[in-house]
Each structure stands twice: as structure tokens, then as C-alpha cells.
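Right, one structure below, let's go through it.
Lettering follows sequence order; numbering is per chain, from 1. Predicted model, so just to flag it, every value in this text is computed and none were measured.
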Amino acid sequence: MRNFYLYNTLSKERELFKSITPGVVGLYVCGPTLYGDPHLGHARPAITYDILVRLLREIGYRVRYVRNITDVGHLEEELGNGEDKVLKQAKVMQLEPMEVVQHYTLRYHHAMQQLNTLPPSIEPRASGHITEQISLVNSILKQGYAYESNGSVYFDVEEYQKKHNYGRLSGRTPDNMLSNTRALEGQEDKRSPFDFALWKKAAPEHIMRWPSPWSEGFPGWHLECSAMSAKYLGDRFDIHGGGIDLLFPHHECELAQNTASRGDGGVNYWMHNNMITINGQKMGKSLGNFITLEELFSGKHPLLESSYSPMAVRLFILQAHYRGTLDFSNNALAAAQKGYRRLIRGAKEYKSLKFVEGKGSKELALLAEESFTALCDDLNTPIAVAKLFDALKVINLAKEGKLQLTFEDRENLDTLFNLILTEILGVVEEESSVGDDKLVGSLVDIVLKIRDEAKAQKNFEVSDLLRADLTKAGIEIKDTKEGTQWRVVENE
RNA sequence: GGUACCCUGGCCGAGUGGUUAGGCGGCGGUCUGCAAAACCGUAUAGAGCAGUUCGAUUCUGCUGGGUACCUCCA
């Protein structure tokens, strides 16, 4: 099995990956809270962990990929009169909370499919695991790391700190937090400002509620991931992923909950993807500067100069390393869109080239190896993609007859374009939305036949007129050696 | 204020103590009736100051600028 290296947030180092059980990987990723349409920000973790899963499977692991859906307990503020996000949206839409979640879940799944991400093995919902969460609260209480107060249950950070280390994941210690915690209302129930809720007593108007030993209420947000990861992956599993914005408090609290209930952090590798920024600022629902994926694919957003296809978005994300921020811009997306077209064209074209017997070029073998190695080095997708562009150059030279490829070369090209580009990077050919319309196709062919006739008679006035009119109608003409080609221009 | 991170050519974005990142755009060329497309080639870097070093974009320090988290956020 190939070596795979992964940066671990817990150790702050790039480590050689070793699974707990040979040949098997348990992966848990914090999924979205579905109270709105999926946006560009959601695409980043989805694609990052998709690459991780595809690569691990390619290396030879069986991967169980669990990604949750948060449908309860995610409050707009942890303290005071924070409203549940789902509940708030349900009021706006005048729907049952679960209708809201269902509505956005379907839209999320659709967008993820367009981006060609593989579905998780299990996609559990917080609301479906209330009993597991209640029993988790019970075991934390039993260990003495939580207390009940006025129907709610809070995690006792101070008590936990006596034996363990709250802050070891995020580097945030209770000491420096204490001096910097703002005074907020509604925390009378808590002993200490950095204690966090495990169970919250529901206010009368809060309709998402479940019975518990302490009150009718709902689970704290951090609880679901601890409960569901343990249920489906065991008390100890390999990789826990999520956005870096979840590092604190969400993952720190999760780690503390795991340790408090089972004496062990439970996770070997913590992995965090960075954010997509817009004009250098984080793109987020709460900041109101986000672009939904639907808007991106259709081009309908004031910030967009054009529409960008799902695969262009995918390549855009892959051309940056997952741990760095990635800045959105029309130029960058357009660059990805064009690069995507070139790569896909090359991936198709090399297959119809003539190959001969003999030794292959060292260059292609090296590119294939370097590309794969880069992926195994903490998912260095930008390097892997760069090698593909290098290989594209070789294909183009061979196409022009300036280079003769062998069957050995062909194998390396298969590694680069079938295995790496298609299978691991998940970049595939998109179907043209209009190109397969038969009627349009035959009509364009008729017009082009007339134009060819005019060209043959050197009647360029007519041929140029036809070309101009077709262009105006959204059909782009290319005169190549093999005859005239056309395609529908998708944008307005 | 605390903690962490970042500053690369017109834009996006990598690796690296000495040797080409890559993409887009620009420029030059091939092809073409012309154009577009496609293809080939190519120029332009690493915030500022100081230090370590034979040599720094890469290591160290300082200064400047920016971002994230500290309330929910992928």
C-alpha cells in the first residue's frame, strides 16, 4: 500500500497516515446545517473530503464515510435567547421544521451531485439520534464532567480541566478565554462562561423538543457529532474532518465530550479545510456575501460576469491546496473554466492517437508518478493538476505529429487522465445542455453546408454573414482542418 | 485585547536554501480567404528593513498590511 501523509490539526504536523484497522478507514465529516441553499463555501469541504475518500479507496482502503446533517440544536447564539436556525427559517417559510430541512437537503444533494461528489456511506441526522445524545449526556454526568442547572445540562470545563486539557486542539486555553469572554446575557445557568450546553431546556415557543431526564428540550449542537460518530464508527476512529471555522468551539467541545465520556479523544487525525474568501473576506451565510451554487452555475448574481460550470468550480477548488484560503474572483473562475475544457479535450483526444511498440518517454512516467505522489502528500491537488497540464502538452505535440507515443506512454496517460483526473480528482466531462438537441443539430448542419458551399465558391460575404448570424444566435463556429465545428455558447 | 495564520509576477495559486510550478490573461508565432478556436513559444515574481549563510522567495527578528477564530457559520 502506498504511503499517505496527512496534516493533523491535533499535532500540527504532517503525519504518515496509519489506520486503526488495516485496510479500513473510518471518516467523519461535519456536514451542513440545512436552513438555506448550498453556496460556494459548501463546495470546498464537500470536494476536499470527496478527494480524500476517492484517494484512500484508490490506495486500497475500504472507507466508511459518515457526514451528518444538522437539523436541530444549532442556535444562532449559544447563549441567551439564541434562536434555532432551522426553527427560525421554518417560521419565515411557514413550514414544519422538518419540511425546511427536507427541502434544503434535496437541494444540497442535487448540488453535490452536480459537483460530482460521491455520497457519504451514512448521512445521519441529529434529530434521529436524540436517544444516543441523551445517553451521552448521561455518561458525561456520571463521570462528573457536567452539571444540571434549571433543566439544562452544561459541560463543566473547570472540572474537566483538572484531569484533561481543554484547548489542546484549538490552542485556546480556558485562561486566555476567561480574560476575553464578553459578558453576554442568559448565562446565569452556567457556572463558568466557557461551559457549553449539552442539553437545553426548551422555551415554550420552541417546538422542536424532546423529553429527557432533565426537561423537555433539545440537544446542544456539539453533542450530535460525538454521539453519531461513535455510533457509526466506534469509540475510536481514524479521521475527523470539517471546516476550519468549526475548530473552535465545535471540535474542541466534541473532543472534550469524547474524552469526558470514554476517557479518550476518539479521533486519530483531525483535518480542517480552509475557507473560500471573496475580496479577501470569508464567504458566509451570516456575512451575506455568499454566492449560491445555483447562482454560480447559472451566472445569475450581481458579482458574476458569467456562469461557471460545476466542473469548473471543482477545478477552481482543486487548483488550491485545501489548507489555504482561496479567493473567489471572476478571473480565477474563468481561468478554471478554460483550463477544464482543455484538460477534458486532451483526455478524450489522446485515446484516438496512434501508438507504437517501444519504450515510453521518461517524462510521462515521471509526471504520472509525481502527480499521484503529490496527492498522497496531504492532498496536494494543485501539484497533481499542474502535472496533468504538463502531460496535456505532450498529448498536443503527439497530436501535431511532432512526437510519437508508445503503448507504454499510453499506460501512463491512462494513469494521469483515467485514474487521477477522472477517478480521484473526479473531474469528468459535462454534457452540453443543448448540444444533444437533435433538431438544433440538424438545422445547424444544414446552415453549415450552405456556408461550406459559399466558401468553396469564395463567396465570403455570404459565408461571413452566416457565421455572424449563427454567432448572434449563440452558436460558435470553428473552421478546423477536419471541417467546421460548432458548439452552443451557454452564456448570454 | 487573546490565539492562530497569511503577504509570490496583471489575476488565481504551488513547491523549494542554489536548477521551469501550473492555470488564466498579455505578447510573439503556426493554422486560416479572414476571423475565432485550437496548438506552440515567451516575458513579468515572492510586503519593507535587518540578520544567519558562499548563496534566501524559502530560515530568524523587527516593522507594515491583511484574514480567521474568540457568538452562529463549510
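- Ring geometry for A:F417 versus A:Y350: interplanar angle of 30 to 60°, hence tilted.
- Across all strands shown, the partner of B:C49 is B:G61, judged by Watson-Crick or G-U wobble contacts whose two distances both fall under 3.5 Å.
- Nearest to the side chain of A:D479, among B:A35, B:C12, B:A74, sits B:A35.
- Residue A:K455 places none of its side-chain N or O atoms closer than 4.0 Å to OP1 or OP2 of B:U32.
- Put simply, A:F389 does not rest on the base of B:G23: the two rings are not both less than 5.5 Å apart at their centres and under 30° in tilt.
- No N or O donor and acceptor, one from the side chain of A:D84 and one from the base of B:C72, sit under 3.5 Å apart.
- Atoms CG (A:L246) and P (B:U71) sit 15 Å apart, rounded to a whole Å.
- Judged by the 6.0 Å and 45° rule, A:R191 forms no cation-pi pair with A:Y154.
- Here A:K393 does not reach the OP1 or OP2 of B:A21: none of its side-chain N or O atoms lies under 4.0 Å away.
- Atom CG of A:N279 is separated from atom C1' of B:C12 by 13 Å (rounded to the nearest Å).
- In this structure, CG of A:L403 is placed 16 Å from P of B:C39, rounded to the nearest angstrom.
- Taking the ring axis of A:Y49 as reference, the NZ or CZ atom of A:R67 does not stay both within 45° of it and closer than 6.0 Å to the ring centre.
- The pair A:R314-A:D50 counts as a salt bridge, with a side-chain nitrogen and a carboxylate oxygen less than 4.0 angstrom apart.
- Taking every side-chain heavy atom of A:H321 into account, B:A14 is the closest of B:A14, B:C40, B:A38.
- Applying the 4.0 Å criterion to OP1 and OP2 of B:A38, one finds that A:N396 has every side-chain N and O outside that range.
- A:K88 has no side-chain polar atom (N or O) that falls below the 4.0 Å cut-off from OP1 or OP2 of B:C72.
- At a cut-off of 3.5 angstrom, the base of B:C6 holds no donor-acceptor pair with the side chain of A:R323.
- Taking the P atoms as reference points, B:C59 lies 13 Å from B:C5, given to the whole Å.
- Ring orientation note: the planes of A:H240 and A:H251 are nearly perpendicular, at an angle over 60° on the 30°/60° scale.
- Atom P of B:G13 sits at a distance of 24 Å from the matching atom of B:U19, rounded to the whole Å.
- The residue A:A386 sits close to a base: some heavy atom pair falls under 4.0 Å.
- If you check every strand for non-hydrogen atoms under 4.0 Å, A:T471 touches nothing.
- A sub-4.0 Å separation between OP1 or OP2 of B:C24 and a side-chain N or O of A:R342 is present.
- Atom C1' of B:U58 sits at a distance of 14 Å from the matching atom of B:A21, rounded to the whole Å.
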